[in-house]
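Predicted, not measured: the structure shown is a model, and the values here were computed from it.
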Amino acid sequence: MVAAFAATPVLAAQCGNTSAGFDAWVGAFKQEAAGRGVSASVLDRAFSNVSYNRPTISADRGQHSFKLSFDQFMQKRGGQAIISRGKAMKKNNAALFANIERAYGVPAGPLLAIWGMETGFGGFLGNQHTLSAVATLSYDCRRSDYFTEQLYAALKLVGSGNLSVTAKGAAHGEIGQTQFLPLNVVRYGVDFDRNGRIDLVGSRADALASTANFLVGHGWQRGAGYQQGQTNFSAIQGWNAASVYQQAIAYIGKAIDGQ
């Protein structure tokens, strides 16, 4: 949460399932956020370009790939290509991965599996306005509470200079090369290249170290295995709720690491 609750209650913004009530919701949310201590300047900047995002709603209603079998999922995601390119990326970024493993105990394989599956190793980060995506899902009744928490985190990132108000990413508001939701940037984001800001878009060092830090935050144990039934598989489960996605991370990571 960005700041402590105000002493006086504020009227909660009401969710909706169409675009009709979005503008009214934005006004009510801004009042609510101001009551919780978010500055007017942050709110004005953050909402300056926000609009109801129909592609976000379409994506939220149409997530079908996680219902595929493992083989179907691997084919759809280009699993073998990720393995092949991941091995080259590991070799070409050997010093970075060694430094991350030294710091967090997470080897290159699962990080490369996540990086490859999420954005094709940074090749496509998404084209949706991040703040519009998160605000739309906060307004939408299906998962309003969850994404309202993400929206407050996004406001915190705007206030700290770690999220541009024009930033673009994936349809649900995921940010950067490994697609962090705003709250995970707040919790696990790392300035691994030590340039004074957390940049999950332009810095692969920050993005990959933050991913390792996320896994540690979800129970990763240095030196333990990460296949199904092993200690660190539960940390991989924290990355994505879909079992087929978890299996793919473990499989691709193992192939890249040569285990």
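T211 contributes a side-chain N or O that, together with a main-chain N or O of A207, makes up a donor-acceptor pair within less than 3.5 Å. The closest donor-acceptor contact from the side chain of Y139 to the backbone of G21 lies under 3.5 Å. At least one donor-acceptor pair under 3.5 Å links the side chain of R85 to the backbone N or O of G120. Between the D191 side chain and the G196 main chain, a donor and an acceptor come within less than 3.5 Å of each other. In this structure, the side chain of Y226 engages the main chain of K254 through a donor-acceptor pair within 3.5 Å. Of the possible donor and acceptor atoms, one in the side chain of S48 sits under 3.5 Å from a partner among the backbone N and O of R45. Looking at D140, its side chain never comes within 3.5 Å of a backbone N or O of T136 through a donor-acceptor pair.
Two residues are said to be in side-chain contact when any heavy atoms from C-beta on lie closer than 4.5 Å; I252 and L112 fail this criterion. Within the 4.5 Å cutoff, the side chain of K90 has heavy atoms near those of the D257 side chain. No side-chain heavy atom of V185 sits less than 4.5 Å from a side-chain heavy atom of L163. Side-chain atoms of I57 and Y52, non-hydrogen and from C-beta on, do get closer than 4.5 Å to each other. Residues I198 and F180 form no side-chain contact, since every pair of their non-hydrogen atoms from C-beta on lies 4.5 Å or further apart. Residues Y245 and I236 are not in side-chain contact: their nearest non-hydrogen atoms beyond the backbone lie 4.5 Å or more apart.
With sequence neighbours excluded, the residues forming a side-chain contact (heavy atoms from CB on, under 4.5 Å) with T166 are N49, S164, listed by chain and number. Partners of S234 under the side-chain contact (heavy atoms from CB on, under 4.5 Å) rule, at least two apart in sequence or in another chain, are Q237. Every residue was checked against the side chain to side chain donor-acceptor pair (under 3.5 Å) condition with S210, not counting sequence neighbours, and none meets it. Scanning for ring pair (Phe, Tyr, Trp, His ring centres under 6.0 Å) contacts around F29 gives W25, F47, Y152, with sequence neighbours left out. Q228 pairs by the side-chain contact (heavy atoms from CB on, under 4.5 Å) definition with F233, Q247, not counting sequence neighbours. By the ring pair (Phe, Tyr, Trp, His ring centres under 6.0 Å) test, F70 is found to be paired with Y251, residues two or more places apart in sequence or in another chain being considered. For the side chain to side chain donor-acceptor pair (under 3.5 Å) test, no residue two or more places apart in sequence or in another chain qualifies with T119. For N53, the side chain to side chain donor-acceptor pair (under 3.5 Å) partners two or more places apart in sequence, or in a different chain, are T56, Q128. With sequence neighbours left out, the ring pair (Phe, Tyr, Trp, His ring centres under 6.0 Å) criterion links Y188 to F214, H218. By the side chain to side chain donor-acceptor pair (under 3.5 Å) test, S19 is found to be paired with R54, residues two or more places apart in sequence or in another chain being considered. By the side-chain contact (heavy atoms from CB on, under 4.5 Å) test, S203 is found to be paired with D193, D199, A205, D206, residues two or more places apart in sequence or in another chain being considered.
Counting all heavy atoms, side chain and backbone alike, N127 lies closest to K168 at O-CD, 3.8 Å. Of all the heavy atoms in V50 and A135, the pair that sits closest is CG1-CB, 3.9 Å. The two residues P182 and V134 come nearest to each other via the heavy atoms CG-CG2, 4.2 Å. Taking both residues in full, the closest heavy atoms of G173 and A133 are given as N-CB, 3.8 Å, listed atom of the first, atom of the second, then distance. Heavy atoms only, all atoms of each residue included: A235 and G219 are closest at CB-C, 4.3 Å. Summarising the geometry of S144 relative to C15, their closest heavy-atom pair is OG-CB, 4.1 Å, with the distance given to 0.1 Å.
Between the CG atom of L200 and the CD atom of E174 there is a distance of 12.5 Å, given to the nearest 0.5 Å. For the atom pair OG (S132) and CZ (F22), the distance works out to 6.5 Å, reported to the nearest 0.5 Å. Note that CG of L157 and CZ of R197 are 10.5 Å apart. Values are rounded to the nearest 0.5 Å. To the nearest 0.5 angstrom, Q179 atom CD is 6.5 Å from L125 atom CG. Between the CD1 atom in I256 and the NZ atom in K87 there is a gap of 8.0 Å [rounded to 0.5 Å].
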> Passes side chain to side chain contact (heavy atoms under 4.5 Å, CB included), Q150 versus R143? Steps please.
Replying inline: CA-CA 11 Å; Q150 299 294 337; R143 290 189 285 173; over 6 Å; no
>> Quick one, T178 with L111, criterion side chain to side chain contact (heavy atoms under 4.5 Å, CB included). Give me CA distance, side-chain angles, the key distance, then yes/no.
In response: CA-CA 9 Å; T178 58; L111 300 178; over 6 Å; no
>> If you apply the rule side chain to side chain contact (heavy atoms under 4.5 Å, CB included), what do you find for K76 with L68, and how did you get there?
In response: CA-CA 9 Å; K76 183 178 179 68; L68 301 174; 3.4 Å; yes
> Between M117 and W239, does a side chain to side chain contact (heavy atoms under 4.5 Å, CB included) hold up when you go through it step by step?
Replying inline: CA-CA 12 Å; M117 283 199 293; W239 183 262; over 6 Å; no
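Between F147 and H172, the ring-plane angle classifies as tilted under the 30° and 60° cut-offs.
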What side-chain donor-acceptor pairs closer than 3.5 Å can you find for residues 94-107, not counting sequence neighbours?
residue, atom, partner, partner atom, Å
N99, OD1, R102, NH1, 2.6
N99, ND2, A95, O, 3.3

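For D145, the CG atom counts as loosely surrounded, since its 6.0 Å shell holds 12 or fewer non-hydrogen atoms of other residues, nucleotides or ligands. Surrounding NZ of K30 are more than 12 heavy atoms belonging to other residues, nucleotides or ligands, all under 6.0 Å away.
Side-chain contact check for W115 and Q177: at least one donor-acceptor pair (N or O, by modelled atom type) lies under 3.5 Å.
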